[in-house]
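Just the heavy atoms: all of them, side chains too, but no hydrogens, waters or symmetry mates, feed the values below. The structure presented is a predicted model; accordingly, all values stated were derived computationally and were not measured. Here is the naming used below: chain letters follow the sequence lines, and residue numbers restart at 1 for every chain.
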There are 2 protein chains.
Amino acid sequence: MNADFDPFLHPTSRLALEVFRLNGALIAAGDMLVEPLGLTSARWQVLGAITQAEGGLPTAGIARAMGLTRQSVQRVVDDLARLGLVRFAPNPHHKRAKLVQLTPEGRMASAAASARWAPLAEALATAVTVPALDEAAQVLHRLATALAALTAPSSGDTP
Amino acid sequence: MNADFDPFLHPTSRLALEVFRLNGALIAAGDMLVEPLGLTSARWQVLGAITQAEGGLPTAGIARAMGLTRQSVQRVVDDLARLGLVRFAPNPHHKRAKLVQLTPEGRMASAAASARWAPLAEALATAVTVPALDEAAQVLHRLATALAALTAPSSGDTP
DNA sequence: GTCGTTTTGACACTATGCTGTCGTTATGAA
DNA sequence: TTCATAACGACAGCATAGTGTCAAAACGAC
């Protein structure tokens with residue numbers, strides 16, 4: 001009865017479990033890191049995605065950039081708007097999909113978070129090596145792509 | 001003002017973002033995979049942790065094995081007990097910390113989930129290579145360890 | 001131009017995981 | 001043995017991310 005397959009010993013399974021653990025550790029570390037700024041990991045990530053895009057981008061665009069659903073990002077964006085870190089600007093290409101832009105306060109918060117993250121990122125890079133980081137990132141990227149292709153050639157929102 | 005550091009271009013940052021994406025993709029794929037069995041990714045993972053340990057283990061032990069908090073696992077365990085997939089057995093070493101064990105139904109569900117996961121794990125392994133998987137897993141493991149050491153030499157529940 | 005499809009925002013609901021807290025039980029040092 | 005400490009289960013509350021659904025807006029085929 002196929003007893004020669006222990007799913008937890010499969011290389012893919014072991015990597016998946018490591019992804020789960022590191023994901024949790026990164027979120028916890030991020031929460032600690034930006035907590036003095038009144039931020040959380042999720043809000044920080046959304047701020048970062050907006051920082052990346054010059055001129056701002058709509059909520060659904062943020063979600064696509066982060067691999068999440070519109071609905072999840074929307075609440076965080078609303079929180080950030082309530083905190084005065086982002087604002088909504090009219091979108092010349094779409095009447096309803098307003099552009100989410102950083103306010104000066106948001107830009108300062110994003111910069112402060114980056115400044116706090118930098119030394120930790122350096123320390124982690126020395127815990128392994130930069131080439132190993134790059135190669136691991138490439139492997140994870142390929143796996144995510146393959147997983148998206150294997151599951152759900154679907155419709156609708158695709159987180 | 002340190003403008004030569006773009007936090008999103010740092011190798012550690014790029015890997016972190018890939019971890020977030022793959023984590024989400026794996027959970028989504030797992031949910032699809034075991035949904036016909038009445039399971040979810042979280043319940044499947046807890047079932048797996050119990051399957052690993054012969055004789056069962058207490059809730060806090062499951063949490064340690066998975067890198068989560070007792071409280072998070074407890075609710076899932078209660079759900080599984082309500083579904084009849086696990087049961088509580090007296091613990092000779094601790095009166096309150098009952099051992100969580102699989103019922104025959106739980107064993108069947110765990111085996112069915114493994115059978116569904118196996119081909120997907122194989123397909124993903126061929127999307128990259130097994131040595132690459134192993135090396136990536138090792139890198140993630142070292143990062144998680146380093147991160148735990150750098151943040152919170154703390155007390156109490158340490159997920 | 002019209003109509004069907006897709007995209008987007010909005011809202012309600014659920015699932016997962018965290019912190020905080022309490023009382024109980026083990027454990028170990030004095 | 002006694003007592004401080006740690007570990008464990010239980011419960012409440014919050015943050016994050018998912019699904020489902022709806023209406024409005026944009027887009028494309030005809």
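Between A:H93 and A:A42, the residue anchored nearer the 5' end of DNA chain D, judged by the nucleotide with its closest heavy atom, is A:A42. Take the nearest nucleotide of DNA chain C for B:R70 and for B:M66: the residue whose nucleotide is more 5' is B:M66. Closest-nucleotide positions on DNA chain D for A:I27 and A:K95 were compared, and the one nearer the 5' end corresponds to A:I27.
Distances shown here put every side-chain N or O of A:S72 at or beyond 4.0 Å from the OP1 or OP2 atom of D:dT16. Phosphate proximity of C:dT6 to A:R96: absent, as no side-chain N or O sits under 4.0 Å from OP1 or OP2. Neither OP1 nor OP2 of D:dT16 sits under 4.0 Å from any side-chain N or O of A:S41. The phosphate of D:dT19 (OP1 or OP2) has no side-chain N or O of A:T69 nearer than 4.0 angstrom.
Atom CG of B:L39 is separated from atom C1' of C:dT16 by 15 Å (rounded to the nearest Å). Nucleotide C:dT8 holds its P atom 11 Å from the CG atom of A:L57, rounded to whole Å. A straight line from CD1 of B:I62 to C1' of C:dG17 spans 15 Å, rounded to a whole angstrom. Note: CG (A:D78) to C1' (C:dT8) measures 14 Å, nearest angstrom. Per the geometry, NZ belonging to A:K98 stands 16 Å off P belonging to D:dA24, to the nearest Å. Between A:D157 atom CG and D:dT21 atom C1' there is a gap of 11 Å when expressed in whole angstrom units. Separating the CD atom of B:E35 from the P atom of C:dT14 is a distance of 17 Å, rounded to the nearest angstrom. Between the P atom of C:dT8 and the NE2 atom of A:H94 lies a distance of 6 Å, rounded to the nearest Å.
Not a single donor-acceptor pair, N or O on each side, falls under 3.5 Å between the base of D:dG9 and the side chain of B:Q71.
In this structure, CG on A:L47 lies 12.0 Å from CD on A:Q52, to the nearest 0.5 angstrom.
Under 3.5 Å, the side chains of B:T69 and B:D157 contain no donor-acceptor pair of N or O atoms. A donor-acceptor contact closer than 3.5 angstrom is absent between the side chains of A:T12 and B:W117.
Listed nucleotides C:dT16, D:dG9, C:dC18 differ in distance to B:Q74; the shortest reach to its side chain belongs to D:dG9.
The pair B:R82-B:D78 does not count as a salt bridge, with every side-chain nitrogen at least 4.0 angstrom from each carboxylate oxygen.
A donor-acceptor pair under 3.5 Å is formed between the side chain of B:S41 and the backbone N or O of B:D31.
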